[in-house]
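Order of appearance sets the numbers: ligands from 1, and atoms from 1 within every ligand. Every heavy atom of this structure was used, including side-chain atoms; hydrogens, water molecules and symmetry mates were not.
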Amino acid sequence: MYANSRPVSSDHTGSAVRTQCLVRRYRRHDYQRPIAVNNQQVFETLHALHARSALPLILDSGCGNGASTVALAENNPHSLVIGIDKSAYRLRRRVLERNIYRQGNLVLAHADVIDIWRLAVAAGWSLHRHVIYYPNPWPKQKHRARRWYAHPVFPFLLRLGGELEVRSNWSTYIREFSSALCACDQPYRITTVNAAPDTVSPFERKYRASGHDLHRLTAWLQPGGHQ
Ligand SMILES: C[S@@+](CC[C@H](N)C(=O)[O-])C[C@H]1O[C@@H](n2cnc3c(N)ncnc32)[C@H](O)[C@@H]1O
């Protein structure tokens, strides 16, 4: 990847109060967008694999080309590691059968996590770990509700539980994510991603090579809570 990525620039500086109001509103009314048929089908396969494996579950949401998911699967051989991305282009190097690629404890799926998270909550999934590496920042103020912490699906993300790790090259994203967690009484920690040569994902490699500061938020979520 290239070392020419520009830092995120935004007309938005962040507002903890606004974020917290939004999250409180979302928690009062479950997100109702209908589930797409293809996501339902993908979920049924994932659910069967999960039920059959009986292994701790690690989810890599927005996994891009799946490189981070492959590394997680190698480093956690006793977990089932599922990477999901809605971009067929990003997953294009894998042979997907009915939108799923599987090898050992690694599963990659072409689907929208907005649907998969809700189906997983309804099916009673309880994650061991959930990573969201370098989510699209949607830096423009008018696109704010597309950021995960400001999206109506956010309460479902919390209900999935597990150790949640979010990485971003935009400190506002991480700061506002932490405000959203505060509104739900969730403990978290913010750290910088250290300068070790290992990178967790292609976007991390690109941002590091471009000299960006990289930020990490870790939270420990209780499954089924946050109603
Ligand atoms: C900036 S890329 C980061 C990719 C990878 N995590 C990395 O660090 O290299 C964000 C990814 O999130 C995916 N994404 C965004 N919204 C999504 C959604 N609703 N469901 C699944 N994937 C989504 C995009 O397709 C894209 O591949």
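Backbone and side-chain nitrogen or oxygen atoms of Tyr207 are examined, and none is located within less than 3.5 angstrom of a nitrogen or oxygen of ligand 1. Geometrically, ligand 1 and Ile114 share no nitrogen or oxygen pair separated by less than 3.5 Å. For ligand 1, the polar-atom distance check against Asp85 finds a nitrogen or oxygen pair separated by under 3.5 Å. At under 3.5 Å, not a single nitrogen or oxygen of Ile84, backbone or side chain, sits near a nitrogen or oxygen of ligand 1. Inclusion of Cys63 in the set of residues having an N or O under 3.5 Å from an N or O of ligand 1 is not warranted. Residue Glu204 has no N or O atom closer than 3.5 Å to an N or O atom of ligand 1. At under 3.5 Å, a nitrogen or oxygen of Asp112, whether backbone or side chain, sits near a nitrogen or oxygen of ligand 1.
Residue Ser201 approaches ligand 1 through these ligand atoms, each under 4.0 Å from one of its heavy atoms: 7 (C), 8 (O), 9 (O). Within ligand 1, counting atoms from 1 as listed, the ones closer than 4.0 Å to a heavy atom of Ala111 are 20 (N), 21 (C). The ligand atoms of ligand 1 that sit less than 4.0 angstrom from a heavy atom of Tyr134 are 1 (C), 2 (S), 3 (C), 8 (O), 10 (C).
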Show, in sequence, the C-alpha distance, side-chain angles and deciding distance for Leu164 and Leu157, and conclude whether the side-chain contact (heavy atoms from CB on, under 4.5 Å) test is met. CA-CA 9 Å; Leu164 173 69; Leu157 188 167; 3.9 Å; yes
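Checked against the 6.0 Å centroid threshold, Phe154 and Tyr31 do not count as a close aromatic pair. Note: Tyr207 and Tyr134 meet the aromatic proximity criterion, with ring centroids under 6.0 Å apart. Between Trp148 and Phe156, the distance from one ring center to the other does not fall under 6.0 angstrom.
Relative to the ring axis of Trp138, Arg147 does not place its NZ or CZ within 45° and under 6.0 Å from the centre.
Ligand 1 has no atom lying under 4.0 Å from any heavy atom of Ala67.
At least one donor-acceptor pair under 3.5 Å links the side chain of Arg208 to the backbone N or O of Asp198. In this structure, His110 contributes its side chain and Lys86 its backbone to a donor-acceptor pair below 3.5 Å.
With a 4.0 Å cut-off on non-hydrogen atoms, Trp148 touches ligand 1 through its side chain and not its backbone. Neither the backbone nor the side chain of Ser68 comes within contact range of ligand 1; no heavy atom lies under 4.0 Å.
Ion pairing between Asp112 and Arg118 fails under the 4.0 Å rule for side-chain N and carboxylate O. Under the 4.0 Å criterion applied to side-chain N and carboxylate O atoms, Glu97 and Arg102 are not assigned as salt-bridge partners.
Among Gly66, Gly62, Pro135, the residue whose heavy atom lies nearest to atom 12 (O) of ligand 1 is Gly62.
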